[in-house]
J.: 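One structure coming up, written as structure tokens, with questions to follow.
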Amino acid sequence: MLFRWLRFNQFSAVPRLALWVAAITVLVIAAADTVAWRVDIGLGWPTWQSLGLAILAAAILLVVLSAYVSMRGKFSVASPEQLELQKNLLRLPFGHRCFVVMTAAVTEEVLFRGYAIGVGQHLLGSVGLACVLSIAAFTLGHLRWGLAHLVPVFVCTLVITLLFTFTQNLWACIIVHAILDGVGVLVMPVLAKRRQAAQSTG
């Protein structure tokens, strides 16, 4: 919100690097306490169970999101602001889009799951309250994409939050986040371009 108020392009290096600084700061503080590092933040080595749950969660969310996008396309049109944000994102070079995906997957999970829930439950005295505040903050943080976008964001953050509270492993959440953003930002544009090229030649 700060960078939007300052009229920074949210996909430029400055806001992305600010997220990395915030996430690294949290990790450095957590590193001073072994318990917080391994348990609260959730940076212990992932188990096969947590990795399996991460892949399952990502697969389910991709199916749900595909159905939502298909249904929404039939009943509503994206807002001009949302279309402009999508265009700005897809204009970026592929390498820059990879950086955007990894920044979101790592830093947002550190801040909204590892810190807000892992540490927040101790500060607030309730894991439930920490989860609710984390979900609300994460969802509202995507308001710039338009109200229609908040529905899939809410569903995704709810599932990832449940994954974190069940596995207590941040890596599982990072994997799910990276898969979802990777498909949306890296894979789908390539498939769309190929489809357009096939239609123009056919």
Side-chain angles (χ1 to χ4, degrees), residues 1-5 10 15-33 35-44 46-47 49-51 53-62 64-65 68 85 100-185:
M1 295 299 291
L2 172 64
F3 286 109
R4 184 181 179 186
W5 179 72
Q10 64 178 318
R16 302 291 106 190
L17 292 175
L19 282 172
W20 280 106
V21 169
I24 290 170
T25 300
V26 166
L27 294 177
V28 168
I29 294 171
D33 186 333
V35 174
W37 177 268
R38 291 202 168 267
V39 179
D40 296 342
I41 299 292
L43 282 178
T47 64
Q49 181 187 34
S50 63
L51 291 176
L53 288 172
I55 299 301
L56 178 62
I60 292 172
L61 285 173
L62 286 174
V64 171
L65 293 177
Y68 174 78
L85 280 169
V100 169
V101 168
M102 291 313 300
T103 296
V106 176
T107 66
E108 290 179 7
E109 292 309 315
V110 168
L111 297 172
F112 288 97
R113 250 64 68 179
Y115 180 74
I117 300 174
V119 176
Q121 62 184 318
H122 300 294
L123 299 176
L124 299 171
S126 167
V127 65
L129 180 57
C131 288
V132 168
L133 292 177
S134 171
I135 290 170
F138 187 85
T139 303
L140 293 176
H142 290 75
L143 186 61
R144 62 187 179 276
W145 286 90
L147 291 176
H149 189 69
L150 294 187
V151 175
V153 168
F154 173 78
V155 172
C156 289
T157 191
L158 178 61
V159 171
I160 295 175
T161 296
L162 290 173
L163 179 67
F164 181 75
T165 56
F166 184 75
T167 65
Q168 290 294 303
N169 190 268
L170 196 64
W171 296 109
C173 301
I174 290 172
I175 288 170
V176 176
H177 201 144
I179 290 173
L180 296 178
D181 283 2
V183 169
V185 177

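In what follows, residues are counted from 1 in the order of the sequence shown. No hydrogens, no waters, no symmetry mates; every other heavy atom, side chains included, goes into these values.
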J.: Drop me the distance from L150's CG to L143's CG, to the nearest 0.5 angstrom.
T.: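 Taking CG in L150 and CG in L143, the distance rounds to 5.5 Å.
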
J.: Would the distance check show the side chain of E108 and the main-chain N or O of A105 forming a donor-acceptor pair, the cut-off being under 3.5 Å?
T.: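 Answer holds: no.
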
J.: How close do W20 and M102 get, counting heavy atoms only, and between which atoms?
T.: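 Smallest heavy-atom distance, with atoms named: CZ2-O, 4.1 Å.
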
J.: If every non-hydrogen atom of V176 is compared with every non-hydrogen atom of A57, which pair is closest and at what distance?
T.: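 It is CG2-CB, 4.2 Å.
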
J.: Nearest 0.5 Å, what's the CD1-CG distance between I60 and L65?
T.: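 Going from CD1 on I60 over to CG on L65, the span is 11.5 Å.
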
J.: How long is the gap from OG on S50 to CG on L163, to the nearest 0.5 Å?
T.: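 Spacing of OG (S50) from CG (L163) equals 8.0 Å.
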
J.: Can you tell me how far apart CD (Q168) and CD1 (I41) are? Round to the nearest 0.5 Å.
T.: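 So the CD of Q168 and the CD1 of I41 are separated by 11.0 Å.
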
J.: Look only at the side chain of T107 and the backbone of T103, and say whether a donor-acceptor pair between them is shorter than 3.5 Å.
T.: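 Yes, because the side chain of T107 sits within donor-acceptor range (under 3.5 Å) of the backbone of T103.
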
J.: Does the E109 side chain pair with the main chain of V106, one donor and one acceptor, at a distance under 3.5 Å?
T.: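 No, because the side chain of E109 does not come within donor-acceptor range (under 3.5 Å) of the backbone of V106.
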
J.: Which residue in the set H142, R113, H177 passes side-chain hydrogen bond (donor to acceptor under 3.5 Å, both in side chains) when paired with T157?
T.: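 Output: one option passes, namely R113.
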
J.: Let me confirm one number: the CD1-SG distance from I117 to C131, rounded to the nearest 0.5 Å.
T.: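 That separation rounds to 4.0 Å.
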
J.: Tell me, do L111 and F138 make a side-chain contact under 4.5 Å, heavy atoms counted?
T.: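 SC-SC contact between L111 and F138 ruled out.
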
J.: Just wondering, do D181 and V100 contact through their side chains at under 4.5 Å, heavy atoms?
T.: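 Contact flag for V100/D181 side chains = no.
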
J.: Let me know which of V21, V28, L27 forms a side chain to side chain contact (heavy atoms under 4.5 Å, CB included) with T25.
T.: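 Answer after filtering V21, V28, L27: V21.
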
J.: What is the minimum heavy-atom distance between A130 and G120, and which atoms define it?
T.: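 Between these two residues, the closest heavy atoms are CB-C, 3.9 Å.
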
J.: How far apart are the closest heavy atoms of G42 and F164, and which atoms are they?
T.: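 Nearest pair, atom of G42 first, then F164: CA-CE1, 4.4 Å.
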
J.: Just wondering, are more than 12 heavy atoms of other shown residues or ligands nearer than 6.0 Å to OH in Y115?
T.: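 Counting other residues, nucleotides and ligands, OH of Y115 stays at 12 neighbours or fewer.
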
J.: For the CD1 atom of I175 and the CD1 atom of I179, what is their distance to the nearest 0.5 Å?
T.: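 With rounding to 0.5 Å, CD1 (I175) is 7.0 Å from CD1 (I179).
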
J.: Return yes if some donor-acceptor pair links the side-chain N/O of N169 with the main-chain N/O of G44 below 3.5 Å, else return no.
T.: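 Yes: the side chain of N169 pairs with the backbone of G44.
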
J.: Using every non-hydrogen atom in the two residues, find where A178 and V101 come nearest and quote the distance to one decimal.
T.: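 For A178 and V101, the tightest heavy-atom pair comes out as O-CG1, 3.9 Å.
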
